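Remember, it's a predicted structure, so these values are computed and weren't measured experimentally. Only this structure's heavy atoms are used, side chains among them; waters, hydrogens and symmetry mates stay out. In each ligand, atom 1 is the first atom listed, and ligand 1 is the first ligand listed.
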Amino acid sequence: MSNAKHLLPNVPKYFKTNLHTHSTITDGKYSPEELKALYKEKGYQVLCVSDHNVVVDHSALNDEEFLMLTGGEFGISEPGQDAFYKKSYHLNILAKKPDNLWQPFLPKKPRESALPYLALVETPDMARRYDPESINEIIALCNEHGYLVTYNHPAWSLQNYTDYAPLKGLWAMEICNYNCLYAGRDTYSSLPYRDMLALGNRIFPVGADDMHTIRTHAGAWIMVGAEKLTYDSVIQALEKGDFYASTGPEIHSLTVEGTTLKVTCSDARSIALESDCRFAKQLYPVHTHGLMREATFDLTKWMESSQERGLTEEAYIRLTVYGPYGHRAYTRAYYLSELL
Ligand SMILES: [Zn+2]
Ligand SMILES: [Zn+2]
């Protein structure tokens with residue numbers, strides 16, 4: 001019998017999930033009902049309609065095959081008028097309970113369609129400052145009030161290392177935002193993700209649509225390995241990091257046995273392993289123009305070196321699966337202590 005340890009949970013079904021979408025409540029083209037239908041059509045089971053600066057409970061739309069998560073996207077921009085040059089912090093906040101309507105602040109210019117929802121919340125408005133300290137206060141408040149906080153689309157936000165490095169208390173960051181990809185702003189935020197890991201943040205990579213129109217529909221998602229399609233079960237899996245991000249490839253299993261890491265997946269052009277240090281490897285198909293569906297990595301050197309240095313809580317590995325059409329799937333970082 002195999003003693004392989006499953007790094008991605010061995011559950012009957014992974015739920016296709018989009019955590020970032022806008023509806024007619026703010027600046028999206030489709031109503032929450034229409035969004036549910038559109039996502040269902042594309043094989044999704046979980047959706048968070050995360051409108052701008054408003055948290056809305058859409059659980060009335062739930063059915064046996066589809067779960068709506070409660071959340072919103074909160075943004076603070078640099079002062080000044082010219083939107084072309086203003087940096088912004090955008091955070092998605094995801095409620096751990098569907099009826100949690102607390103929100104960190106109210107929109108400055110609420111859209112009329114958002115007003116009925118805002119009337120439901122008793123939020124003391126707060127002074128908003130565009131600086132990391134102020135953003136960290138907001139993240140801390142969100143955590144206290146039962147939210148998982150994601151740092152969104154550094155590329156759209158015109159942000160770089162100096163802007164995101166000071167952030168603390170994040171649950172995840174967008175490694176791919178389909179709205180950014182579609183607009184040609186950037187490829188993937190894999191370097192910012194690596195930076196955040198290197199700074200000691202145990203955060204997860206998320207792929208999300210940031211859908212406003214049909215053009216940014218179903219291009220980036222996460223696959224969640226939850227036991228059941230219930231709010232609690234999905235949130236539990238998200239909190240544990242039992243998911244991977246993708247713009248195409250599927251990861252079917254990820255296991256470790258001793259010093260051997262094995263991944264199985266849909267057709268891939270290559271599979272790459274990165275770590276906290278210089279240890280890295282990219283594996284290719286046997287035939288130059290072929291495709292591969294599994295890869296095995298020998299972790300002996302990295303494990304030994306990390307253990308010698310006492311880095312079991314800091315040393316990590318993570319994988320990227322490169323699909324045949326330029327799409328990618330990303331795992332989270334797995335720490336040595338989880339692999340032993
Ligand atoms: Zn945004
Ligand atoms: Zn957005």
Pairs touching residues 103-114 that satisfy salt bridge (Lys or Arg N to Asp or Glu O under 4.0 Å), sequence neighbours left out: none

statement: The side chain to side chain contact (heavy atoms under 4.5 Å, CB included) partners of L261 (sequence neighbours excluded) come to L7, L254, V256, L273, F297, L299, I317, L319

field: side chain to side chain contact (heavy atoms under 4.5 Å, CB included) partners for P132, two or more places apart
entry: Y89, P166

query: Would a line drawn from the ring center of Y334 to the ring center of W302 be shorter than 6.0 Å?
result: no

- request: Assess the pair Y39 and H217: is the distance between their ring centroids shorter than 6.0 Å?
  value: yes

field: Non-hydrogen side-chain atoms of L336 and L311 separated by less than 4.5 Å
entry: no

- line: So the protein N/O/S atoms within less than 2.8 Å of the Zn ion (ligand 1) come down to E73 OE2, H90 ND1, H153 NE2

